[in-house]
Enquirer: 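Please read through the structure below; I'll follow up with questions.
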Amino acid sequence: MDSLDAYNDYTAIFLLLSPLFFYIVAVSFRLLDNSALLFLQKEILVDSSNVSLGAIKSQIDSSADSDFKSKLKRALLYRKLHRVFIILMIASLPVTVVTYFTLFYT
């Protein structure tokens, strides 16, 4: 019976900390996305550090430089992974709230 209690405790800790974990991973992928720097290195002016997905895709289609294309594709991958982990964080918030109330108010 003690091993089941320990399993439940570890599961509860995981469920309570999962949104924070997903947020940290999402921020890490956002920091790896250096698309604005890539544009500025090619002397393409951008308004902000958050380059739109459309601008990245159009540069991938129109650029002849294969190294630039591969860097933009990697930046696009990081942007998509950032979005996935933000969605996972938001989806795990209700589970965290339910876990919190079932653990501490029953």
Side-chain angles (χ1 to χ4, degrees):
M1 193 67 163
D2 289 331
S3 65
L4 187 59
D5 290 336
Y7 174 76
N8 288 338
D9 290 342
Y10 289 132
T11 304
I13 290 170
F14 172 75
L15 290 175
L16 289 173
L17 294 178
S18 61
L20 179 64
F21 170 75
F22 290 138
Y23 179 74
I24 291 170
V25 173
V27 168
S28 300
F29 280 120
R30 183 65 183 125
L31 291 173
L32 288 171
D33 171 23
N34 60 352
S35 53
L37 176 66
L38 294 173
F39 275 73
L40 291 175
Q41 286 176 343
K42 283 293 198 176
E43 298 178 359
I44 302 170
L45 296 179
V46 292
D47 292 336
S48 71
S49 63
N50 190 15
V51 180
S52 70
L53 291 176
I56 294 173
K57 288 178 182 178
S58 68
Q59 283 298 318
I60 289 173
D61 293 337
S62 65
S63 178
D65 185 5
S66 62
D67 187 44
F68 181 60
K69 277 185 178 184
S70 67
K71 288 179 181 178
L72 282 178
K73 286 179 183 179
R74 187 177 331 123
L76 192 61
L77 174 68
Y78 291 149
R79 179 85 55 98
K80 289 180 180 181
L81 286 171
H82 165 75
R83 183 174 289 166
V84 165
F85 279 99
I86 289 292
I87 290 170
L88 285 172
M89 180 200 70
I90 292 170
S92 67
L93 282 173
V95 175
T96 301
V97 171
V98 168
T99 303
Y100 176 78
F101 283 113
T102 57
L103 282 177
F104 299 112
Y105 291 108
T106 52

Enquirer: For D61, give me all partners under side-chain contact (heavy atoms from CB on, under 4.5 Å), at least two apart in sequence or on another chain.
Expert: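 Expected list: none.
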Enquirer: Clusters formed by hydrophobic residues whose side-chain heavy atoms approach within less than 4.5 Å: which one holds L93, and what are its other members?
Expert: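 Members other than L93 - counting any ILVMFWY side chain reachable under 4.5 Å - there are none.
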Enquirer: Output all residues satisfying side-chain contact (heavy atoms from CB on, under 4.5 Å) with S63, sequence neighbours left out; order by chain, then residue number.
Expert: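 Checked S63 against side-chain contact (heavy atoms from CB on, under 4.5 Å); matches are D65, F68, K69.
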Enquirer: When clusters are formed from ILVMFWY side-chain contacts under 4.5 Å, directly or step by step, what else is grouped with L15?
Expert: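 Same cluster as L15: F14, V95.
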Enquirer: List the residues meeting side chain to side chain donor-acceptor pair (under 3.5 Å) with R74, not counting sequence neighbours, and say none if there are none.
Expert: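 R74 satisfies side chain to side chain donor-acceptor pair (under 3.5 Å) with no residue once adjacent residues are dropped.
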Enquirer: Considering only residues two or more places apart or on different chains, which pairs with a residue in residues 25-38 satisfy salt bridge (charged side-chain N to carboxylate O under 4.0 Å, His left out)?
Expert: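 As it turns out, the salt bridge (charged side-chain N to carboxylate O under 4.0 Å, His left out) pairs with a partner in residues 25-38, which skip direct neighbours, are R30-D33, D33-R79.
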Enquirer: Please report the closest heavy-atom contact between T96 and P19, naming both atoms and the distance.
Expert: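 Heavy atoms only, the tightest pair is OG1-CG, 3.1 Å.
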Enquirer: Test question: given the 4.5 Å side-chain rule for I, L, V, M, F, W and Y, name all other residues clustered with I24, or answer none.
Expert: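 ILVMFWY cluster around I24 also holds L20.
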Enquirer: In Å and rounded to the nearest 0.5 Å, what is the NZ to OG distance from K71 to S66?
Expert: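 If we round to the nearest 0.5 Å, K71:NZ and S66:OG are 10.5 Å apart.
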Enquirer: Would you name the heavy atoms of A75 and N34 that are closest together and state the gap between them?
Expert: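 Closest approach of A75 to N34: CB-OD1, 4.4 Å.
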Enquirer: From K57 NZ over to S52 OG, what is the distance, rounded to the nearest 0.5 angstrom?
Expert: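 If we round to the nearest 0.5 Å, K57:NZ and S52:OG are 10.0 Å apart.
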Enquirer: By the salt bridge (charged side-chain N to carboxylate O under 4.0 Å, His left out) test, which pairs, at least two apart or in different chains, include something from residues 90-100?
Expert: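 Listed once each, the pairs would be none.
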Enquirer: What is the distance from atom OG of S18 to atom CD1 of I13, rounded to the nearest 0.5 Å?
Expert: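 CD1 of I13 is found 12.5 Å from OG of S18.
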Enquirer: Under 4.5 Å between side-chain heavy atoms, chaining through other members, with only Ile, Leu, Val, Met, Phe, Trp and Tyr counted: pull out the rest of the cluster around Y23, sorted by chain and number.
Expert: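 Traced through the cluster, Y23 reaches F21, F22, V25, V27, F29, L31, L32, L77, Y78, L81, V84, F85, I86, L88, M89, I90.
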Enquirer: R83: what forms a side-chain contact (heavy atoms from CB on, under 4.5 Å) with it, not counting sequence neighbours?
Expert: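 If we apply the side-chain contact (heavy atoms from CB on, under 4.5 Å) test to R83, skipping adjacent residues, the hits are L53, I87.
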